[in-house]
J.: 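Pasting in a structure now, in structure tokens, and then I'll have a few things to ask.
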Amino acid sequence: MSGGAAARRAFAPNRAARAGLLALALYAAYAFAALDIGLDRLLGGFGEAGRFLGHMVPPNFARWELLLEGMLESLQIAFIASAAGIALSLPVALLASRNLMPWWVSGPARGFIGLCRSLHYVIVAILFVKAIGFGALAGVCALVVASVGFIAKLFAEAIEEISPKPLEAMRATGAGFLAVLLYAVLPQVASRFVGFCIYQVDSNLRNSTMVGMVGAGGIGGTLFAAFKRFDFDFVAAILIVIIALIFAAELVATRVRAALQ
């Protein structure tokens, strides 16, 4: 009898979970109706997309100089922002690590990281465009903020996950804070740091093509201008080059990760 009662308790229905799923389904149905999402509209959009893609074929590479100029600017934005963002992320991550710093230091540092992560990089790019004007500098600043928000958080979490034994051993010998960082902290997280940095460079290469859409330099500005002119064959050429760049960056990143393992 006790075994049967235990079995019934083990497989008892979770009424709270069922109620939550029902509420989610009802809200999804309400959201579909409120947003005017329907099958007829979706099918009509597919037809319009087909006509749009028809105007993009064949791609027009006649203005390759303009395309190359925008792509090189995007590459420069991505690499400068990655270098500056990574350089700023390391000290911020150290300040945010709760196993290295007191709460009154790690708390504000974590708040700063959260602030950097709170807005999408395109919104940050719009703010910098309004503040310092159009051009690559606004794109670099926006991606630096995005890089700090992402990399500093991962750096801090990696530092907090290290084994405390080397730290305790170094501190027991009377080593200073800098020596503890160099010989007890960094050796444990160096490989993860490299992986995070490679990922951020790869991410900034993609993001640098987007910030130009709001006037922050790079190939995105060229793409947006082509859309405004209804120059869809040139749009196709730009998109092909962007896709090729991202694939090449992914290949290089994969090779670098394999070489460092």
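This chain uses plain numbering: 1 for the first residue, then up along the sequence. Only heavy atoms go into these numbers, but all of them, side chains included; no hydrogens, no water, no symmetry mates.
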J.: Hydrophobic clusters here meaning ILVMFWY residues chained together by side-chain heavy-atom distances under 4.5 Å, can you tell me if I113 and V145 are in one?
T.: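 No, it is not one cluster - the side chains of I113 and V145 are not joined through contacts under 4.5 Å.
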J.: Could you check if a side-chain atom of T222 sits within less than 4.5 angstrom of a side-chain atom of F234, using non-hydrogen atoms only?
T.: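 With C-beta onward as the side chain, the pair touches.
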J.: Are any of the side-chain heavy atoms of I151 and L88 separated by less than 4.5 Å?
T.: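 No, side chains not in contact.
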J.: What's the separation between atom OG in S203 and atom CD1 in I246, rounded to the nearest 0.5 Å?
T.: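 The CD1 atom of I246 is 9.0 Å from OG of S203, to the nearest 0.5 Å.
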J.: Using a 4.5 Å cut-off on heavy atoms from C-beta on, say whether the side chain of F193 contacts that of L90.
T.: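 Sidechains of F193 and L90: in contact.
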J.: Tell me if the aromatic rings of F150 and Y199 count as close, with their centers under 6.0 Å from one another.
T.: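 When the ring centroids of F150 and Y199 are compared, they turn out to be within the sub-6.0 Å range.
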J.: If you compare all heavy atoms of A84 against all heavy atoms of V144, which two are closest, and at what distance to 0.1 Å?
T.: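 Closest approach of A84 to V144: CB-CG2, 3.8 Å.
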J.: Hydrophobic clusters here meaning ILVMFWY residues chained together by side-chain heavy-atom distances under 4.5 Å, can you tell me if I77 and L67 are in one?
T.: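 As far as the 4.5 Å side-chain criterion goes, L67 and I77 are not connected within one cluster.
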J.: Could you walk me through whether V214 and F224 pass the side-chain contact (heavy atoms from CB on, under 4.5 Å) test, one step at a time?
T.: CA-CA 8 Å; V214 295; F224 185 63; over 6 Å; no
J.: Between E160 and R110, does at least one N-O distance fall below 4.0 Å, as a salt bridge requires?
T.: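 Yes, E160 and R110 are salt-bridged.
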J.: Might you point out which heavy atoms bring I159 and N99 nearest each other, and give the distance in Å?
T.: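 Minimum heavy-atom separation between I159 and N99: O-ND2, 3.0 Å.
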J.: Angle between ring planes, F230 versus F232, binned at 30° and 60°: parallel, tilted or perpendicular?
T.: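 It falls in the perpendicular class, over 60°.
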J.: If I compare all heavy atoms of A142 with all of V124, which pair ends up nearest, and what's the gap?
T.: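 Shortest heavy-atom contact: CA-CG1, 3.8 Å.
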J.: Give a yes or no on whether I126 and V140 share a hydrophobic cluster (residues Ile, Leu, Val, Met, Phe, Trp, Tyr; joining criterion: side-chain heavy atoms under 4.5 Å apart).
T.: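 In one cluster with I126: V140, yes.
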J.: Looking at side-chain heavy atoms only, is the closest gap between L94 and F155 below 4.5 Å?
T.: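 No; the side chains remain at least 4.5 Å from each other.
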J.: Indicate whether any N or O donor in one side chain lies under 3.5 Å from an N or O acceptor in the other, for Q200 and S147.
T.: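 Yes, because at least one side-chain N or O of Q200 sits under 3.5 Å from a partner of the opposite role on S147.
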J.: Taking the side chain as every heavy atom from C-beta outward, state whether L75 and L245 have any atom pair closer than 4.5 Å.
T.: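 In short, these two side chains touch, coming nearer than 4.5 Å.
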J.: So, for P58 and D233, which heavy atoms are closest and what is the spacing to 0.1 Å?
T.: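 That closest heavy-atom pairing would be O-CB, 3.4 Å.
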J.: In sequence, state the C-alpha distance, the side-chain angles, and the governing distance for L223 and L239, and then conclude on side-chain contact (heavy atoms from CB on, under 4.5 Å).
T.: CA-CA 8 Å; L223 179 63; L239 293 178; 4.2 Å; yes
J.: How long is the straight-line distance from CG of D202 back to SG of C197, given to the nearest 0.5 Å?
T.: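 Result: 13.0 Å between the selected atoms.
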J.: Would you sort out whether I86 and F196 count as a side-chain contact (heavy atoms from CB on, under 4.5 Å), showing the intermediate values?
T.: CA-CA 9 Å; I86 291 168; F196 296 154; over 6 Å; no
J.: Once ring pair (Phe, Tyr, Trp, His ring centres under 6.0 Å) is applied, do any residues pair with F61, and if so which ones, sequence neighbours excluded?
T.: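 Partners of F61 under the ring pair (Phe, Tyr, Trp, His ring centres under 6.0 Å) test: none.
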J.: Can you get from L251 to F247 by hopping between Ile, Leu, Val, Met, Phe, Trp and Tyr side chains that sit under 4.5 Å apart?
T.: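 Different clusters.
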J.: Nearest 0.5 Å, what's the CZ-CG distance between R18 and L21?
T.: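 Between atom CZ of R18 and atom CG of L21 there are 9.5 Å.
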J.: Identify the heavy atoms of A237 and N60 that sit nearest to each other, and give their distance.
T.: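 Here A237 and N60 meet closest at CB-O, 3.2 Å.
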J.: So, the side chain of S208 versus the backbone of S74: is there a donor-acceptor pair under 3.5 Å, distance only?
T.: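 Side chain of S208 to backbone of S74, a donor-acceptor pair under 3.5 Å: yes, one is there.
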J.: If we only count heavy atoms from C-beta on, is the L95 to F112 side-chain gap below 4.5 Å?
T.: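 No, too far: nothing below the 4.5 Å cut-off.
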J.: I want to check something: taking the side chain as every heavy atom from C-beta on, are S118 and L115 in contact at a cut-off of under 4.5 Å?
T.: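 In short, these two side chains touch, coming nearer than 4.5 Å.
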J.: At what distance, to the nearest 0.5 angstrom, does CE of M71 lie from CG of L66?
T.: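 So the CE of M71 and the CG of L66 are separated by 11.0 Å.
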J.: Count the heavy atoms of every other residue, nucleotide or ligand shown that sit under 6.0 Å from CD of E157, and state whether that count exceeds 12.
T.: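 More than 12 within 6.0 Å, yes.
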J.: How far apart are the closest heavy atoms of Y121 and L143, and which atoms are they?
T.: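 For Y121 and L143, the tightest heavy-atom pair comes out as CD1-CD2, 4.2 Å.
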J.: Under a single-linkage definition using a 4.5 Å side-chain heavy-atom cutoff for Ile, Leu, Val, Met, Phe, Trp and Tyr, are I132 and L127 assigned to the same hydrophobic cluster?
T.: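 Yes, same cluster.
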J.: Any side-chain heavy atom of E161 sitting closer than 4.5 Å to one from R192?
T.: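 A side-chain contact exists here, since the closest heavy-atom pair is under 4.5 Å.
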J.: Just verifying a value: how many Å separate C141 SG and I80 CD1, rounded to the nearest 0.5 Å?
T.: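 Answer for the SG-CD1 pair, C141 versus I80, is 10.5 Å.
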J.: Is there a side-chain contact (heavy atoms from CB on, under 4.5 Å) between E73 and I219? Walk through the geometry before answering.
T.: CA-CA 7 Å; E73 188 173 48; I219 193 65; over 6 Å; no
